[in-house]
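A short write-up of the structure that comes next.
Nothing fancy with the numbering, it's 1 onward along the sequence. Please read all numbers here as calculations on a predicted model, not as lab measurements.
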Amino acid sequence: MSATVQPRPWERLLWPLLASAVFLAFWHYAVLLSQTKIFPSPLEVERGFAELIHQGKLYRDIVD
(Lines give C-alpha, C1' and ligand atoms only; values in the text may rest on other atoms or scores of the structure.)
Protein backbone atom coordinates (compact mmCIF):
# COMPACT_ATOMS: atom_id res chain seq x y z
CA MET A 1 0.00 0.00 0.00
CA SER A 2 1.63 3.24 -1.09
CA ALA A 3 -0.05 6.32 0.26
CA THR A 4 1.39 9.72 -0.46
CA VAL A 5 1.92 11.98 2.50
CA GLN A 6 0.32 15.36 2.11
CA PRO A 7 2.26 18.30 3.57
CA ARG A 8 0.61 20.32 6.28
CA PRO A 9 -0.70 23.75 5.23
CA TRP A 10 2.07 25.63 7.07
CA GLU A 11 4.71 23.41 5.46
CA ARG A 12 3.62 24.50 2.00
CA LEU A 13 4.72 28.02 2.90
CA LEU A 14 7.60 27.31 5.27
CA TRP A 15 9.80 25.09 3.10
CA PRO A 16 9.87 27.31 0.00
CA LEU A 17 10.56 30.39 2.15
CA LEU A 18 13.29 28.59 4.07
CA ALA A 19 14.91 27.30 0.87
CA SER A 20 14.80 30.80 -0.65
CA ALA A 21 16.34 32.34 2.46
CA VAL A 22 19.14 29.76 2.52
CA PHE A 23 19.83 30.31 -1.19
CA LEU A 24 19.96 34.10 -0.79
CA ALA A 25 22.21 33.85 2.27
CA PHE A 26 24.57 31.48 0.45
CA TRP A 27 24.67 33.80 -2.58
CA HIS A 28 25.30 36.87 -0.41
CA TYR A 29 28.11 35.30 1.60
CA ALA A 30 29.69 33.68 -1.46
CA VAL A 31 29.98 37.09 -3.12
CA LEU A 32 31.12 38.70 0.14
CA LEU A 33 33.78 36.12 0.96
CA SER A 34 35.12 35.80 -2.58
CA GLN A 35 35.25 39.59 -3.00
CA THR A 36 34.33 39.14 -6.64
CA LYS A 37 33.41 42.08 -8.82
CA ILE A 38 31.98 39.84 -11.56
CA PHE A 39 28.87 38.57 -9.75
CA PRO A 40 26.55 41.04 -8.00
CA SER A 41 25.17 40.43 -4.54
CA PRO A 42 21.43 39.91 -4.07
CA LEU A 43 21.15 43.47 -2.73
CA GLU A 44 22.82 44.89 -5.82
CA VAL A 45 20.44 42.91 -8.04
CA GLU A 46 17.48 44.27 -6.07
CA ARG A 47 18.78 47.83 -6.44
CA GLY A 48 19.21 47.28 -10.18
CA PHE A 49 15.64 46.01 -10.54
CA ALA A 50 14.34 48.98 -8.55
CA GLU A 51 16.27 51.39 -10.76
CA LEU A 52 14.96 49.77 -13.95
CA ILE A 53 11.41 49.89 -12.63
CA HIS A 54 11.80 53.51 -11.55
CA GLN A 55 13.09 54.48 -15.00
CA GLY A 56 10.32 52.52 -16.73
CA LYS A 57 12.83 50.47 -18.72
CA LEU A 58 11.96 47.08 -17.26
CA TYR A 59 8.36 47.15 -18.46
CA ARG A 60 9.35 48.27 -21.97
CA ASP A 61 11.97 45.52 -22.20
CA ILE A 62 9.49 42.90 -21.05
CA VAL A 63 6.95 44.04 -23.66
CA ASP A 64 9.59 44.02 -26.39
Side-chain angles (χ1 to χ4, degrees):
M1 179 176 190
S2 69
T4 59
V5 177
Q6 295 295 323
R8 296 181 181 116
W10 61 270
E11 288 179 319
R12 290 182 183 167
L13 181 64
L14 174 72
W15 293 120
L17 287 177
L18 183 62
S20 298
V22 168
F23 172 74
L24 288 173
F26 176 77
W27 177 11
H28 174 75
Y29 286 110
V31 170
L32 185 69
L33 293 174
S34 68
Q35 298 179 352
T36 184
K37 300 298 179 194
I38 297 173
F39 297 107
S41 70
L43 296 175
E44 291 170 340
V45 170
E46 187 272 330
R47 286 185 200 120
F49 271 119
E51 184 177 329
L52 289 174
I53 290 170
H54 180 70
Q55 294 173 353
K57 292 181 181 181
L58 184 63
Y59 297 120
R60 284 185 298 217
D61 288 344
I62 290 172
V63 169
D64 287 342

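- A single hydrophobic cluster is not seen to contain both Leu43 and Phe39; linkage of ILVMFWY side chains at heavy-atom distances under 4.5 Å, directly or through other members, places them apart.
- Residue pairs meeting the side-chain hydrogen bond (donor to acceptor under 3.5 Å, both in side chains) criterion with at least one partner in residues 35-53, sequence neighbours excluded, are Glu51-Gln55.
- Cluster note: Val5 groups with no other residue, as no ILVMFWY side-chain heavy atom lies under 4.5 Å from it.
- When hydrophobic residues (I, L, V, M, F, W, Y) are linked wherever their side-chain heavy atoms come within less than 4.5 Å, Val63 remains an isolated member.
- For the atom pair OH (Tyr59) and CD1 (Ile53), the distance works out to 5.0 Å, reported to the nearest 0.5 Å.
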Output a table of donor-acceptor pairs, distance under 3.5 Å, between side-chain atoms of residues 7-33 and any protein atom two or more places apart or on a different chain; print 'none' if there are none.
unit_1 : atom_1 : unit_2 : atom_2 : d
Glu11  : OE1    : Arg8   : N      : 2.9
Ser20  : OG     : Pro16  : O      : 2.9
Trp27  : NE1    : Pro40  : O      : 3.0

